[in-house]
A.B. asks: 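Just dropping this structure here.
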Amino acid sequence: GAVVSQHPSRVICKSGTSVKIECRSLDFQATTMFWYRQFPKKSLMLMATSNEGSKATYEQGVEKDKFLINHASLTLSTLTVTSAHPEDSSFYICSARDLYEKLFFGSGTQLSVL
Amino acid sequence: QQPVQSPQAVILREGEDAVINCSSSKALYSVHWYRQKHGEAPVFLMILLKGGEQKGHEKISASFNEKKQQSSLYLTASQLSYSGTYFCGTENPGSSNTGKLIFGQGTTLQVKP
């Protein structure tokens, strides 16, 4: 199956700093990628749809200025958590869809904000 | 709107069967099933695109009833490796062909020896 690489897998940062998470589709081009957030033992909550070459589409309630998304190429999308606070601590997962409409997930990033 | 999964949790003995249901209050374009193990990303199981479609993958199969706006995942002769949390992800006609999925709350499956 298709491979989606996500880095870093784990990051610890101080409150007030910014953190960038990368999501790459390794063996296919993805014009659209998705960013999800997951709290412990909870479901995956869609945060935004990342569109190559255009602005991301955010879900209701997700702060655009807090979670900056950039989809600069057909294989790379980045999520930057700006001015992180402890409540931003969570598991963030990206996904990308292949030509057969299957959605593949990255390995996830566990963010801990101290 | 988030689809509803049932049951929330199930405990099985190895070799037993289980059914996980996923219902939506909205019309569905497709249903995707994933399994997630603790601390890992969800892993794709299967996708159902047409009403009435059924698919199988080894001892895991699924059905999709478009009229009832629901899908079921069938796990037969469960193995220890089946343990994890199962999510259904639904795609509505309005967002069809975009890959935008809304996930259910998950069903935790535990298979014991």
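So that the names make sense, note that chain A is the first sequence line, chain B the second, and so on, each numbered from 1.
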A.B. asks: Are B:W33 and B:V19 linked, directly or through intermediate hydrophobic residues, by side-chain heavy-atom contacts shorter than 4.5 Å (ILVMFWY only)?
C.D. replies: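 No, B:V19 does not connect to B:W33 through the hydrophobic network.
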A.B. asks: Calculate, to the nearest 0.5 Å, the distance between atoms CG and CG belonging to B:L101 and A:L46 respectively.
C.D. replies: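 It is 8.5 Å, given to the nearest 0.5 Å.
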A.B. asks: With the 4.5 Å side-chain cut-off for hydrophobic clustering, are B:I11 and B:L109 part of the same group?
C.D. replies: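 The answer is no; the residues belong to distinct hydrophobic clusters.
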A.B. asks: Within a 6.0 Å radius of atom NZ on A:K66, are there more than 12 heavy atoms belonging to other residues, nucleotides or ligands?
C.D. replies: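 Enclosed: over 12 neighbouring heavy atoms sit under 6.0 Å from NZ of A:K66.
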A.B. asks: For B:Q8, is the CD atom crowded, meaning more than 12 foreign heavy atoms sit under 6.0 Å from it?
C.D. replies: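 No, not enclosed.
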A.B. asks: Mind checking whether A:Y92 and A:V11 sit in one hydrophobic cluster, side chains of I, L, V, M, F, W, Y counted as touching below 4.5 Å?
C.D. replies: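 Result: yes, single cluster for both.
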A.B. asks: Could you tell me which portion of A:L44 (side chain, backbone, both or neither) has an atom closer than 4.5 angstrom to a non-hydrogen atom of chain B?
C.D. replies: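 Answer is both: backbone and side chain atoms of A:L44 are under 4.5 Å from chain B.
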A.B. asks: Could you tell me the separation between the CE atom of A:M45 and the CD atom of B:Q2, rounded to the nearest 0.5 Å?
C.D. replies: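 Taking CE in A:M45 and CD in B:Q2, the distance rounds to 11.0 Å.
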A.B. asks: Which bit of A:E59 is near chain B, if near means a heavy-atom gap under 4.5 Å: side chain, backbone, both or neither?
C.D. replies: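 Only the side chain of A:E59 comes within 4.5 Å of chain B.
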A.B. asks: Could you label the plane-to-plane angle of the A:Y36 and B:F103 rings as parallel, tilted or perpendicular, counting under 30° as parallel and over 60° as perpendicular?
C.D. replies: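 The arrangement is perpendicular - the two ring planes meet at more than 60°.
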A.B. asks: Under a 4.5 Å cut-off applied to non-hydrogen side-chain atoms, are A:L103 and B:E91 in contact?
C.D. replies: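 No, every pair of side-chain atoms sits at 4.5 Å or beyond.
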A.B. asks: Identify which of B:G106, B:P42, B:S30, B:G89 forms the greatest number of heavy-atom pairs closer than 4.5 Å to chain A.
C.D. replies: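 Among B:G106, B:P42, B:S30, B:G89, the one with the most close pairs to chain A is B:P42.
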A.B. asks: Please check if the number of heavy atoms outside B:K37 that lie under 6.0 Å from its NZ is greater than 12.
C.D. replies: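 Yes, NZ of B:K37 has more than 12 neighbouring heavy atoms, counting only those of other groups under 6.0 Å.
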A.B. asks: What part of B:Q5 gets within 4.5 angstrom of chain A, counting heavy atoms only: side chain, backbone, both, or neither?
C.D. replies: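 No part of it gets close to chain A.
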A.B. asks: Do the side chains of A:F28 and A:M33 join up, straight or via other hydrophobic residues, at under 4.5 Å, putting them in one cluster?
C.D. replies: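 No; A:M33 is not reachable from A:F28 via cluster members.
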A.B. asks: Determine the minimum heavy-atom distance between B:G39 and A:F91, stating which atoms define it.
C.D. replies: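 That would be O-CZ, 4.4 Å.
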A.B. asks: Distance check, rounded to the nearest 0.5 Å: B:H38 atom NE2 versus A:K41 atom NZ?
C.D. replies: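 Nearest 0.5 Å value for the NE2-NZ distance: 8.0 Å.
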A.B. asks: Considering all heavy atoms of both residues, which atom of A:G106 and which atom of B:A41 are nearest to each other, and what is their separation?
C.D. replies: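 What the structure gives for the nearest pair is O-CB, 2.7 Å.
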A.B. asks: So does B:G104 get a backbone contact from the side chain of A:S43, meaning a donor-acceptor N/O pair under 3.5 Å?
C.D. replies: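 Yes; judged by distance alone, with no hydrogens or angles, the pair exists.
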A.B. asks: Search all heavy atoms of B:F87 against all heavy atoms of A:Q38 and return the closest pair with its distance.
C.D. replies: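 Looks like CZ-NE2, 3.6 Å.
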A.B. asks: Using the rule that two of Ile, Leu, Val, Met, Phe, Trp, Tyr join whenever any of their side-chain heavy atoms come within less than 4.5 Å, decide whether A:V113 and A:I21 are in one cluster.
C.D. replies: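 Yes, A:V113 connects to A:I21 through the hydrophobic network.
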